[in-house]
2 protein chains.
Amino acid sequence: MTNRPYHHGDLRVALLARAEETLRERGASALSLRELAREVGVSPAAPSRHFKSKQALLDALALTGFERLAEAIAASQEGAGEAFADRLDAAARAYVGFAVANAALLDLMFSVKHSPQASEALGATAHRWSDQLLELIGDGQRRGEVREGPLERIALPVVAALHGYAGLTVSGVLPPEVAEYGLDDLIASILRGCAPQ
Amino acid sequence: MTNRPYHHGDLRVALLARAEETLRERGASALSLRELAREVGVSPAAPSRHFKSKQALLDALALTGFERLAEAIAASQEGAGEAFADRLDAAARAYVGFAVANAALLDLMFSVKHSPQASEALGATAHRWSDQLLELIGDGQRRGEVREGPLERIALPVVAALHGYAGLTVSGVLPPEVAEYGLDDLIASILRGCAPQ
DNA sequence: ACCTGAACACCGTTCAAGT
DNA sequence: ACCTGAACACCGTTCAAGT
């Protein structure tokens, strides 16, 4: 009858899982290391073996967020057509969809406060996401459906528009109905912005 | 010799001023109501007369942020030319300039967690800012320099692009050097996106 | 009306000690 | 290696009481 074994087994992932649930249901401000420990059935000091600070846990959370975002975008490309417009459309919907479904997490991912040494690993993972968009746009250039020029310079306005739209919906500036049809306009506008010539 | 008079005089604005300083210098996570009270020379319970909770103070801070952002954009239009491209350029630089100079504050302004009843007044003030951009774009339409169509639908991609670019620079995704020259590309892209036809 | 003092129920983090 | 127990220095918030 060892209801609570001394070794948890996988405390790290249990904490992360519980943290993400709380983040989704009650927001980042409701995240408490002590409460997490309680819910997972462990002493208040236990989490410190796996996360040297609360911020470290938040960083880890943000990192998994970037990984899942990258997966979502990659998945969106599977079913998409070959034309640049189709691929961009799919990626944009995947990004905004992720943002709506993980508002608090997205807020965390792009918040200003990341511990200096964590933002190294975090920055690397974050760039995997922007690399996907760069590749998407590079493809478009090769197909002659995107204007010529340095890839990063063409891509930046595209990324900014997507990121901004996601941010506006997540922060509630855009009423949910607008967020729906507005995306069509956004994609059309982006396409005009990076069309050839 | 009343070094610390019983009535502070203007505790509310003193707290807000100190809070903004701390926000700028040490970030939102370093904001403590008790510390603020200490620094301003008042008891820990004193702030509660002026802000019914810590979140209420954060909301007030966000509100002043939106007011100053609106002022900055309005000021940018004073010296700008009449052409839509000039006005957009000025507004964009004002917005991104504000974002860079007030990174933590911008994070706060567009964060997900605003108390339900504060987001009413806050939403109103926030809309003053987007109204400025709507007016800017409406002018462009009347001059024949912006494509025709429902104002909100034309404006949304413009706002998204500006907001996203500001967010990317603030969260450190864009290296500071890129943030500089990247803005030119962004503005050019926005102009193509909302050009006539 | 505005503030103090003291209390309450929490935090994050550290560190000896246990298994 | 992983966790507990207890402690430390903080929090935000409330409420009677003072001016």
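Numbers restart at 1 for each chain; the letters A, B, ... are given by sequence-line order, proteins then strands.
- In this structure, B:Gln55 atom CD and D:dG12 atom P are separated by 12 Å, rounded to whole Å.
- Comparing D:dG12, C:dA6, C:dC3 by their nearest atom to the side chain of B:Ala45 picks out C:dA6.
- Counting to the nearest Å, the P atom of D:dT14 and the CZ atom of B:Arg49 are 11 Å from each other.
- The main-chain N or O of A:Arg12 is never found under 3.5 Å from a side-chain atom of A:Arg49 such that the two would form a donor-acceptor pair.
- For the pair A:Ser32 and C:dG12, the criterion of a side-chain N or O lying under 4.0 Å from OP1 or OP2 is met.
- Rounded to whole angstrom, the span from the NZ atom of A:Lys52 across to the P atom of C:dG12 amounts to 15 Å.
- A:Val173 and B:Leu63 sit in two unconnected hydrophobic clusters of ILVMFWY residues. Membership requires side-chain heavy atoms under 4.5 Å apart, directly or through other members.
- Counting non-hydrogen atoms of neighbouring residues, nucleotides and ligands closer than 6.0 angstrom, the CD atom of B:Glu67 exceeds 12 such neighbours.
- Going from atom CZ of A:Arg38 over to atom C1' of D:dT4 covers 16 Å, rounded to whole Å.
- Side-chain atoms of B:Arg34 and base atoms of D:dT13 include a donor and an acceptor less than 3.5 Å apart.
- Between B:Phe66 and B:Trp129, the two ring planes are tilted [angle within 30° to 60°].
- Of the nucleotides present, C:dA7 is the one that pairs with D:dT13 by Watson-Crick or G-U wobble criteria, both distances under 3.5 Å.
- Straight-line distance from the CG atom of B:Leu33 to the C1' atom of D:dT13: 9 Å, rounded to whole Å.
- The side chain of B:Val42 has C:dC3 as its nearest neighbour among C:dT13, D:dC2, C:dC3.
- Summarising the geometry, the separation between CG on B:Asp10 and C1' on C:dC2 is reported as 13 Å, rounded to the nearest angstrom.
- Between the CG atom of A:Leu15 and the C1' atom of D:dC2 there is a distance of 13 Å, rounded to whole Å.
- Minimum interatomic distance between B:Ala99 and B:Val170 (heavy atoms only, all atoms of both residues): O-CG2, 3.3 Å.
- Of all nucleotides present, only C:dA1 satisfies the Watson-Crick or G-U wobble test against D:dT19, with each distance under 3.5 Å.
- For the pair B:His50 and C:dC3, the criterion of a side-chain N or O lying under 4.0 Å from OP1 or OP2 is met.
- Here D:dC10 presents its P atom at 10 Å from CD of B:Glu35, a figure rounded to the nearest Å.
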